[in-house]
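Only one structure is covered here, and it is reproduced in the block below.
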Amino acid sequence: MAGRSKLIVEVVPFGPDQETLKQLRSICDNHPSIQPFLSGTRHLLLSFELLDLEDIPGNKSITPPKSSKPTPPSNFLATYYDYTNNRTVIATGPIHDPGCISASQLDTQPLPSTEEFELAVNIVRDHPELGCLIRENLVRPYRAMPALIDTELPDGRIERTLAVGLLPVEEDSEDRKQNNGEPLHQIVGVNMIRREVILYETGAPPFSTARDQICEPPPDANQPTVRRGTLGQYQVRVLQGDTEVWSFLAVRPAASSGIVGSGIELRDVLYRGKKVLSRAHVPILNVRYDNDVCGPYRDWQWQEGRFEGIGTDIAPGFRMCSTPARTILDTGSDTGNFLGVAIYVDGEEIVLVSELEAGWYRYISEWRFHNDGTIRPRFGFSAIANSCTCNPHTHHVYWRFDFDIRTAGNNVIQEINERPSTGTSIFRTMNYEIRRSRDSFHNRQWLISNKSTGEGYTLIPGKNDGSADSFGVGDVWLLRYRSSELDDGQGFTTDLNKARANLDKFINKENINGQDIVVWYAAHFRHDETSGEDVAHILGPELKPRNW
Ligand SMILES: [Cu+2]
């Protein structure tokens with residue numbers, strides 16, 4: 001803009017460094033408390049995460065009160081899969097006292113890492129018929145949904161089984177068509193315990209479909225992603241001249257909090273030196289198909305995929321781009337030269353964007369910060385070639401905004417309804433926890449402000465954000481902050497009732513007037529390629545400052 005100086009972005013690493021992480025990993029691997037679980041077994045480290053105390057599974061200890069400044073992670077969590085005994089083994093300990101490790105066994109099935117998926121593909125390569133098809137490049141393995149298949153043993157246990165999609169490679173060779181016929185599109189299960197390939201009569205495991213008809217997206221580029229827990233927390237400052245416009249801590253998706261991650265996560269967001277949010281992220285994401293032809297799926301938001309960003313790496317997983325980064329929604333391709341968080345300046349906005357993978361889905365996690373104080377959280381929807389996503393379905397994305405306007409406590413929410421009945425104020429103070437729906441007739445919005453100082457932020461629903469159906473449950477939840485309510489505790493699942501966002505359980509008559517407030521905001525994306533309509537694939541609300 002003429003007369004205005006350019007926005008300058010500064011990024012400083014935050015929290016433990018790569019060397020510390022390496023040391024922690026080696027202490028953990030060889031620790032006497034983990035040896036009884038893993039020694040002599042065939043096992044794999046699936047993730048190594050640095051977490052806050054409250055994010056450790058099963059931690060019931062009282063968490064310290066919320067601090068006003070960002071604090072680095074205090075604990076680590078290593079998740080292994082022990083194939084010999086078909087069990088998940090976790091080890092946790094404090095970062096500053098890594099000798100003090102406790103190990104235990106969990107009943108849950110953690111999501112596969114890239115490395116584990118590759119092991120599964122290698123097992124398919126050893127299969128007498130399917131192996132040939134892969135080696136001769138007649139089929140290409142892809143990451144299918146559901147990523148994990150629940151194959152129950154007679155005793156009710158589940159043997160760890162990964163899904164591997166096998167997509168025929170398009171070829172015009174008439175010879176091949178005449179001689180061998182086209183190889184079939186199918187999704188196989190790979191039992192990691194017995195190292196066996198499971199073929200399904202329908203061509204796909206339950207909750208999935210593989211047909212000759214392939215949906216239009218580009219094929220899986222099969223580029224590696226990073227392991228969950230890969231370091232990446234950075235203090236970002238946006239300056240205009242000598243003035244600090246924005247300051248926040250940005251966490252890359254691979255290091256984001258929550259049981260299934262939460263996309264690009266923001267902590268301690270300040271606009272012009274005043275606190276807006278303590279945390280903002282996407283802890284819940286799911287999808288349901290019409291007539292349940294596939295899914296439903298509760299997805300995950302930590303697995304970074306590659307996209308295009310031209311620029312300079314300012315830190316591992318953070319790239320400052322000279323031109324807007326381009327995701328699968330821009331390029332129509334699953335390939336890319338970068339994974340992590342790309343940062344670029346777009347006019348008066350600075351943009352943070354990342355691409356995520358969940359099986360065949362590709363999601364865009366994006367935050368836009370305008371010079372005028374507006375924050376635009378964005379989420380985008382795409383996929384790679386498969387047989388499900390061209391069937392009509394609805395994605396639901398749930399942002400969690402932990403507002404700390406000036407202070408953690410002493411915040412208040414007012415609902416704004418235009419055109420109220422005569423004599424009624426358009427502002428209505430919300431006293432108790434409640435679920436609310438969007439109401440475009442009344443142009444319904446929510447103003448979160450500090451009761452003493454009067455500064456506030458208005459949450460304005462996005463025009464394309466839809467409204468909840470029975471699976472989507474709701475549009476907006478107004479809640480009191482609780483450190484145990486960072487997500488609804490549900491990991492990846494295909495179970496209809498569990499896949500649904502379970503936020504209503506947090507509504508328990510707590511007072512929210514003058515308290516520490518959390519707002520969950522859902523957007524619902526009807527994805528119907530048969531409709532012929534050209535719809536926006538990116539959704540999200542606006543957060544606008546008031547009396548700032
Ligand atoms: Cu979709």
Side-chain angles (χ1 to χ4, degrees), residues 15 21 45-52 54-57 73 75-79 88 90 106 108-117 143 145-148 224-234 249-267 279-287 297-307 316-318 327 339-341 352-367 377-381 395-402 485-493 498-499 501-503 520 522:
L21 192 75
L45 177 70
L46 293 179
S47 62
F48 194 94
E49 300 165 83
L50 303 183
L51 302 170
D52 297 334
E54 70 245 37
D55 297 336
I56 303 289
N75 290 65
F76 64 86
L77 167 66
T79 305
T88 302
I90 61 164
L106 282 187
T108 52
Q109 288 279 322
L111 286 159
S113 62
T114 305
E115 213 179 335
E116 194 185 26
F117 179 77
R143 287 161 282 192
M145 287 294 256
L148 286 168
T225 68
V226 292
R227 181 187 281 131
R228 185 167 189 198
T230 302
L231 284 183
Q233 290 199 38
Y234 299 91
L249 185 73
V251 183
R252 70 187 290 181
S256 61
S257 70
I259 190 162
V260 286
S262 47
I264 301 176
E265 179 170 343
L266 306 175
R267 307 282 293 262
R279 191 180 327 222
H281 51 154
V282 176
I284 301 178
L285 175 65
N286 58 22
V287 58
Y297 307 120
R298 172 69 76 99
D299 285 321
W300 60 97
Q301 297 89 265
W302 56 264
Q303 195 160 20
E304 297 168 358
R306 285 182 187 261
F307 60 110
F318 276 71
T327 68
L339 48 75
V341 179
L352 271 67
V353 64
S354 187
E355 192 170 311
L356 308 175
E357 302 186 353
W360 55 54
Y361 297 100
R362 296 292 181 269
Y363 295 114
I364 312 305
S365 171
E366 184 177 287
W367 295 92
R378 291 291 175 265
F379 212 81
F381 303 87
H395 298 274
H396 307 272
V397 52
Y398 301 80
W399 281 273
R400 178 178 176 274
F401 301 112
D402 178 355
E485 298 178 358
L486 289 185
D487 58 42
D488 66 355
Q490 181 61 55
F492 170 73
T493 181
K498 292 180 184 165
N502 188 0
L503 295 170
W520 286 81

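Heavy atoms only: backbone and side chains are in, while hydrogens, waters and symmetry mates are out.
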Partners passing salt bridge (Lys or Arg N to Asp or Glu O under 4.0 Å) against Glu366 (at least two apart in sequence or in another chain):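 With neighbours one apart ignored, the set is Arg368.
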Can you tell me how far the [atom1] atom of [X] sits from the [atom2] atom of [Y], to the nearest 0.5 Å?
X      : Y      : atom1 : atom2 : answer
Lys498 : Asp488 : NZ    : CG    : 12.0 Å
Leu352 : Arg252 : CG    : CZ    : 13.0 Å
Arg400 : Ile284 : CZ    : CD1   : 10.0 Å
Gln233 : Leu249 : CD    : CG    : 5.0 Å
Leu231 : Glu49  : CG    : CD    : 11.5 Å

Which of parallel (below 30°), tilted (30 to 60°) and perpendicular (above 60°) describes Phe492 and Tyr297?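 Ring orientation, 0 to 90° scale: parallel.
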Look at the aromatic rings of Phe76 and Phe48 and report parallel, tilted or perpendicular, splitting at 30° and 60°.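 If you compare the ring of Phe76 with that of Phe48, the planes turn out parallel.
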In sequence, state the C-alpha distance, the side-chain angles, and the governing distance for Arg227 and Glu115, and then conclude on side chain to side chain contact (heavy atoms under 4.5 Å, CB included). CA-CA 8 Å; Arg227 181 187 281 131; Glu115 213 179 335; 3.1 Å; yes
Checking side chain to side chain contact (heavy atoms under 4.5 Å, CB included) for the pair Val287/Phe381: CA distance, chi angles, key distance, verdict? CA-CA 11 Å; Val287 58; Phe381 303 87; over 6 Å; no
Give a yes or no on whether the backbone of [Y] and the side-chain of [X] come within a donor-acceptor separation of less than 3.5 Å.
X      : Y      : result
Glu355 : Thr327 : no
Arg143 : Ala358 : no
Ser262 : Ser257 : yes
Asn286 : Ala499 : yes
Asp402 : Arg279 : no
Tyr361 : Leu356 : no
Gln301 : Val282 : yes
Trp367 : Ile264 : yes

Under a 4.5 Å cut-off applied to non-hydrogen side-chain atoms, are [X] and [Y] in contact?
X      : Y      : answer
Ile259 : Gln490 : no
Arg362 : Glu357 : yes
Pro316 : Tyr234 : yes
Leu46  : Arg228 : no

Looking at every non-hydrogen atom in both residues, tell me the closest pair between [X] and [Y] and how far apart they are.
X      : Y      : result
Phe401 : Ala280 : CD2-CB, 4.0 Å
Arg298 : Leu285 : CD-O, 3.4 Å
Leu111 : Leu148 : CA-CD1, 4.2 Å
Pro283 : Asp487 : CB-CB, 3.8 Å
Thr79  : Ile90  : OG1-CG2, 3.9 Å
Ala78  : Leu45  : CB-CD1, 4.0 Å

Using side chain to side chain contact (heavy atoms under 4.5 Å, CB included), reason through Leu503 and Glu485 one step at a time and then give a plain yes or no. CA-CA 9 Å; Leu503 295 170; Glu485 298 178 358; over 6 Å; no
Distance-only polar pair, side chains of Tyr363 and Asp299, donor-acceptor under 3.5 Å: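 Result is yes, a qualifying pair exists.
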Do Ser354 and Ser365 get their side chains close enough for a donor-acceptor pair, meaning under 3.5 Å?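 No, no side-chain donor-acceptor pair sits under 3.5 Å.
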Please lay out, stage by stage, how Arg378 and Ile364 fare under the test side chain to side chain contact (heavy atoms under 4.5 Å, CB included). CA-CA 8 Å; Arg378 291 291 175 265; Ile364 312 305; over 6 Å; no
